[in-house]
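So the structure is just underneath, and the comments pick up after that.
Basis for what follows: all heavy atoms, side chains included, without hydrogens, waters or symmetry-related copies.
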Amino acid sequence: MKKIFCFIALLAGVTMLTSCGNDDATYTPVPVLEVSNADVLFEAEGGTGSITVNASGNVAAVVESGSWLSASVNGNTVNLSAPLNSSLNGRSAKVVITADGNKAEVTATQKGSVYGLVEGWEYTVTDAANASVNVPVVHTEAVIVESLTEWLTARFNDATSNIEVVAQSNESAKDRVGYVAFKTGIISDTIAVIQKGIVFVVNPATLSVSSEGSSETVTIQHSRPVQIIAAPEWVDLKGADKGGTLTMTVTIAENTSGTRTGEITLTSGPLEKKISIAQAGAEAEEGPTFADEVYGQYAFVYYDAFETEDWYYYDTEITAEGLTIYFPTSATVTVPYTIPLEIDNVGRQVKAGPNGSYLGTFADTYYVYLGWLNMTTGLSPFDVRSMAIGTLSTEEEDGELTTYLEWGGTFGDQEIEGWVLQAHASPEYSDDSYIGGLSFLVNPYMMKLDSGEDAAAARRRAPSSRVIYSRGHKVYPAKTSSHGPLKQMK
């Protein structure tokens, strides 16, 4: 009973105290200013942010340091705006917010700008036309581009942030370097563009084979299509091209004659390369050679078709030096001319020339060259080199044998019907220097003389009606007489 009473008495006392407090107290709110959210980190490009506060009373805000930042208040939100930061350095500003006498400070930060080339300053392109490269650029301001080299063009692509560089074709085998300048913000720099030269490498460039012939492999590295311009008729070419490498099989036919040489001419773009071929000749038989038969004294017989319309001859000799023409003592020309010869012991042929072969001077005034003649089309072109072809034959009459060297051949698709000793005004075999012909030797052939025999004696034992194959004229044995620098066969 005692414990219960005491509790009731205490409760009554609490009730009395509470009632007295409610009647006498007044309530005063405490001012509040709390930052609930702050978006105050800006990229270098600039942008907007905000600070949100819980506050009693009106909110005000001011930027006390950092004039680059601007602030405005909308209710309990402070709106911030930052412009572009062109500097490489970051920066900060202090925003002071007040409400009902309370103050809060928030620091806003902006990053510095980043400029530069992502992948370096040096780039390489191929030799082809419109070869291009894209150069990535990190920037916060506009990029200005200028080509410093005439064979380069450059522009900035805003959508990809790339400097696009395009090169013209490089028409040489040498590398070259061009430059492009760019500027963005406070940064200026230069891009170097290396353009490779045309790749055109022939390996090997020289072939040396035996007379039996063979197949050789030539590898050609190239950056442009390879064209075969010319090749000897005794060479066959086949090739496979893959990934800029042309593997060419050069098949060289068996050589049954003397040593021969030739060239394969290749082009790639504007460049030209040659593959030189040297092939050994067939082994000569033992004993006297064809050259031994050819060497000796001759009467060089020809027809004067343009003036006297008669037959004449020169005294001539074939030696290892060539075919030498001797003039009679009454002639204006006394110095002999020697025409180059090639003697094929295996094929038993003699080749004279080519046209354009320099023979000497005339009267210390003109330069004398060898040329060919077709009676229909005229002189052989000055830029074409062809050789006359001679073959040995023997004819018999009344038990007497006479050896002849018949001359034929072609230049282009025209028959060589005559040889011309040409006079030129300068030491240049060309149409510009050509003056005229000293001698036009039409339908030429050579009659070989026996040892110690003169031309008159040889003619007496020659067939009485020798046919000149190319024109059908006949030569009859008769005495010779002087005809200017020539000898005439009457």
Side-chain angles (χ1 to χ4, degrees), residues 229-233 258-265 267 272 274 276 298 300 302-307 312 314 316-327 331-344 349-390 405 407-446 470 484-486:
I229 303 302
E233 61 183 7
T259 300
R260 62 186 177 185
T261 60
E263 290 182 330
I264 302 170
T265 304
T267 61
E272 180 179 281
K274 293 183 181 294
S276 299
Y298 292 82
F300 187 100
Y302 69 95
Y303 187 71
D304 180 13
F306 297 102
E307 295 185 11
Y312 299 88
Y314 286 123
T316 56
E317 180 182 16
I318 293 180
T319 66
E321 301 299 321
L323 190 162
T324 301
I325 300 176
Y326 298 97
F327 299 94
T332 304
V333 181
T334 58
V335 177
Y337 295 142
T338 298
I339 296 172
L341 292 182
E342 293 181 7
I343 299 177
D344 181 356
Q349 281 190 333
V350 182
K351 295 183 180 180
N355 59 306
S357 297
Y358 175 66
L359 304 182
T361 59
F362 173 74
D364 296 326
T365 303
Y366 304 122
Y367 300 87
V368 181
Y369 289 87
L370 175 66
W372 310 131
L373 174 69
N374 180 274
M375 297 297 289
T376 301
T377 61
L379 293 176
S380 55
F382 293 99
D383 60 347
V384 174
R385 297 291 183 266
S386 302
M387 301 189 78
I389 307 298
L405 185 57
W407 288 109
T410 59
F411 58 89
D413 57 357
Q414 301 298 316
E415 179 186 358
I416 297 176
E417 296 179 332
W419 296 17
V420 184
L421 302 183
Q422 299 179 2
H424 287 253
S426 64
E428 176 187 5
Y429 184 65
S430 69
D431 185 47
D432 293 335
S433 67
Y434 175 69
I435 296 176
L438 296 174
S439 293
F440 292 87
L441 316 178
V442 179
N443 302 325
Y445 73 94
M446 296 171 66
S470 61
L486 315 174

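Within a 6.0 Å sphere centred on NZ of K351, heavy atoms belonging to other residues, nucleotides or ligands number 12 at most.
A pairwise comparison of heavy atoms in N374 and F411 identifies CB-CZ, 3.7 Å as the closest pair. Considering every non-hydrogen atom in both Y337 and L421, the closest pair reads CD1-CD1, 4.3 Å. Nearest approach of G412 to T410, heavy atoms of both residues: O-OG1, 3.9 Å. In terms of heavy-atom proximity, E417 sits nearest to P444 at O-CD, 3.9 Å. Here the shortest heavy-atom pairing between G353 and L370 reads CA-CD2, 3.9 Å. Across all their heavy atoms, Y367 and S426 have their closest contact at CD1-C, 3.4 Å.
I229 places none of its side-chain heavy atoms less than 4.5 Å from the side chain of E272. W407 places none of its side-chain heavy atoms less than 4.5 Å from the side chain of I416. Here the side chains of I325 and L359 are not in contact, with every heavy-atom distance at 4.5 Å or above. Contact of the I264 side chain with the P232 side chain is registered, since non-hydrogen atoms from C-beta on lie closer than 4.5 Å.
One finds the OG atom of S357 at 8.0 Å from the CZ atom of R385 (value rounded to the nearest 0.5 Å). Here the straight-line distance linking atom CG of N355 with atom CE of M387 works out to 9.5 Å at 0.5 Å rounding. One finds the CE atom of M375 at 11.0 Å from the CD atom of E415 (value rounded to the nearest 0.5 Å). Atom CD1 in I318 sits 11.5 Å away from atom OG1 in T338 (nearest 0.5 Å). Note: K274 NZ to T267 OG1 = 10.5 Å, rounded to the nearest 0.5 Å. To the nearest 0.5 Å, atoms CD (Q422) and CG (L379) are separated by 5.5 Å.
When the options I339, V442, L373 are evaluated for a side chain to side chain contact (heavy atoms under 4.5 Å, CB included) with W419, the one that passes is I339.
Side-chain polar atoms of Y314 and S439 form a donor-acceptor pair below 3.5 angstrom. At a cut-off of 3.5 Å, with distance as the only test, a side-chain donor of Y326 or E317 sits close to an acceptor on the other residue.
Ring-plane geometry between Y369 and Y429 is classed as tilted, the angle between the planes lying from 30 to 60 degrees on a 0 to 90 degree scale. Classification of the Y366-F362 ring pair by plane angle, with boundaries at 30° and 60°, yields parallel. The aromatic rings of Y434 and F382 sit tilted relative to each other, their planes meeting at an angle between 30° and 60°.
S380 places no side-chain N or O within 3.5 Å of a backbone atom of G371 that could act as its donor or acceptor partner. A donor-acceptor pair is defined here as one N or O able to donate and one able to accept, closer than 3.5 Å; such a pair exists between the side chain of D344 and the backbone of G258. Of the possible donor and acceptor atoms, one in the side chain of W372 sits under 3.5 Å from a partner among the backbone N and O of S386.
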